[in-house]
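Inspection log for the structure reproduced underneath, given as structure tokens.
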Amino acid sequence: MLIIIAMLAATCLFIVLYVLIQANSRKDRLVKTRLRDLNVGTDQKPADMYWREQMNKSLYDRTVKSIADKIAAKLSQFTPASLRAQAEELVDNTNNFNGVGFNGFMLLLGGSTVFFVLLGIWMVYSKHMPFGRGLLTLFAFAGAGVGLPFFVLRRLVEQRQEAIRQSMPDVLDLLCVSVQAGLGFDGALGKVTAKMNGPLIEEFERLLQELRMGVTRRHALVRLAKRCGIEEMKLFTAALIQAEKLGVGMAQVLEIQSENMREMRRQRAKEQAAKLPVKILFPTVIFIFPVMFVVVLGPALVTIVRSLLTRLG
């Protein structure tokens, strides 16, 4: 049993290391792939091109990545459809899960589940739990193994959405200035994506790529709002779609939307400030008031105890 647990733990460690390496080396592999594609001649036969492509790949891409992708595909087949759809949507909202994609998340989900199940088995055997209690413990650990990757993924989505909210007014200001300077909407997007960075710029880059590939502006904007998942982006894309439909000037719409986004950010800051007294009440009662009572009433209590002891003595 210990050997099996050790082997499964090593498998989980391999999955975690694969996800980390995949996230760190994705950009390097993309650059190498593009350079390799530029050097391939057009007069080669398809078989030769395939062979050369396979031979130019690194050992990691031909072995580890291939095996990991197959494992992830098998895991996705056994995953319930609702859970898989939710995972795909969340991965898409995090901009491909920091480069590892849906397959990387499925490997992380499988590794986390196996690790927590092994931890549950070890706890059941070490504590000598009865069958019913042990079964409930295993189910609880399995649920924790499934829920932890989704919790991390949702936290990444929330952080990305908050970063998009904070940067929207500034980005829309630059976009409005570019349109007022005489550029079209697509050209203004190109200028903005070249000058700035951040989650919102990544989404605009993806929007620009879809527009260049021939996707209609309405459909691309709807996909943008769905990926971001925030109310501000939904209002912004709806205004752009309506302006295009009615023939309203884009610069005027962008200026109005920029002012609206800045006002919404101001209102959100006021709302957060109004919540602070309630949030700070519990730490004050739990951590600050007891210390103050000790500092203020401590000497008085010592004096009272000493006087009582003196009278009794």
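These figures come from a predicted structure and were not determined experimentally.
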Would Gln166 and Glu162 count as having a side-chain donor-acceptor pair, cut-off 3.5 Å?
yes

Verify the cluster assignment for Val248 and Phe236: are they in a single hydrophobic cluster under the rule of side-chain heavy atoms below 4.5 Å apart?
yes

Is there a continuous path of hydrophobic side-chain contacts, each under 4.5 Å between heavy atoms, that joins Met250 to Ile256?
no

Apply side-chain contact (heavy atoms from CB on, under 4.5 Å) to residues Glu205 and Glu210 and explain how you reach the verdict.
CA-CA 9 Å; Glu205 287 178 350; Glu210 291 180 353; over 6 Å; no

Under 4.5 Å between side-chain heavy atoms, hopping through other hydrophobics if needed: is there a path connecting Leu208 to Met213?
no

Applying a strict under-4.5 Å side-chain criterion to I, L, V, M, F, W and Y, I'd like to know whether Val295 and Val302 cluster together.
no

Would the number of heavy atoms belonging to other residues, nucleotides or ligands and lying under 6.0 Å from CZ of Arg218 be above 12?
no

Test side-chain contact (heavy atoms from CB on, under 4.5 Å) applied to Lys226 and Lys234, step by step
CA-CA 8 Å; Lys226 184 178 180 181; Lys234 292 178 181 179; over 6 Å; no

Nearest atoms (heavy-atom pairs only) where Ala225 meets Thr237:
CB-OG1, 3.4 Å

For residues Asp170 and Arg262, determine if any side-chain heavy atom of one lies less than 4.5 Å from a side-chain heavy atom of the other.
yes

Distance in Å, Lys275 NZ paired with Glu271 CD, rounded so as to fall on 0.5 Å steps
4.5 Å

Does some side-chain heavy atom of Cys228 sit less than 4.5 Å from a side-chain heavy atom of Leu224?
yes

Using a 3.5 Å distance criterion without hydrogens, assess whether the side chain of Ser112 forms a donor-acceptor pair with backbone atoms of Leu109.
no

Give me the atom names and distance for the closest heavy-atom approach of Gln161 to Gly229.
NE2-O, 3.7 Å

Quick check for you: to the nearest 0.5 Å, what is the distance between Arg165 atom CZ and Met261 atom CE?
11.0 Å

Got a second to check how far Arg160's CZ is from Ile164's CD1, nearest 0.5 Å?
5.0 Å

Minimum heavy-atom separation for Leu183 and Ala188, please, with both atom names.
CB-N, 4.1 Å

Is it true that Asp92 and Arg206 have a side-chain N and a carboxylate O under 4.0 angstrom from each other?
yes

Taking C-beta and beyond as the side chain, do Val91 and Leu153 meet within less than 4.5 Å on heavy atoms?
yes

Assess whether side-chain contact (heavy atoms from CB on, under 4.5 Å) is satisfied between Met123 and Met129, documenting all intermediate values.
CA-CA 8 Å; Met123 182 170 291; Met129 297 181 182; 3.9 Å; yes

Do you know which two heavy atoms are closest between Pro290 and Val285, and how far apart they sit?
CD-O, 3.3 Å

So Glu255 and Leu172, do their side chains get closer than 4.5 Å, heavy atoms only?
no

At what distance, to the nearest 0.5 angstrom, does CG of Asn93 lie from CD of Glu88?
12.0 Å

Check for me, please, whether Leu297 and Phe287 land in the same ILVMFWY cluster - side-chain distances under 4.5 Å, paths through other members count.
no

Hey, is the main chain of Ile280 close enough, under 3.5 Å, to the side chain of Thr284 for a donor-acceptor pair?
yes

So CG of Leu211 and CG of Leu221: to nearest 0.5 Å the spacing works out to 7.0 Å

Are any non-hydrogen side-chain atoms of Asn260 and Leu235 less than 4.5 angstrom apart?
no

Does the side chain of Glu263 pick up a donor-acceptor pair with the side chain of Gln267 at under 3.5 Å?
yes

Locate the shortest heavy-atom distance separating Phe116 from Gly145; write the atom from each residue and the value.
CD1-CA, 3.5 Å

Taking the side chain as everything from C-beta on, heavy atoms only, tell me whether Glu203 gets closer than 4.5 Å to Leu207.
no

The single option from Gln159, Glu158, Arg154 that satisfies side chain to side chain contact (heavy atoms under 4.5 Å, CB included) with Leu156 is Gln159

Yes or no on side-chain contact (heavy atoms from CB on, under 4.5 Å) for Phe185 and Glu244, after CA distance, side-chain angles and deciding distance?
CA-CA 11 Å; Phe185 182 72; Glu244 184 181 10; over 6 Å; no

Identify the heavy atoms of Val294 and Pro299 that sit nearest to each other, and give their distance.
O-CD, 4.1 Å

Can you tell me if CZ on Arg133 sees more than 12 non-hydrogen neighbours from other groups inside 6.0 Å?
no

Any Leu254 side-chain heavy atom under 4.5 Å of Val177 side chain:
no

Is there side-chain contact between Leu118 and Trp122, with at least one heavy-atom pair below 4.5 Å?
no

Can you establish whether the number of heavy atoms outside Asp186 located under 6.0 Å from its atom CG is more than 12?
yes

Which distance, rounded to the nearest 0.5 Å, do you find between the SG of Cys176 and the CD of Gln252?
10.0 Å

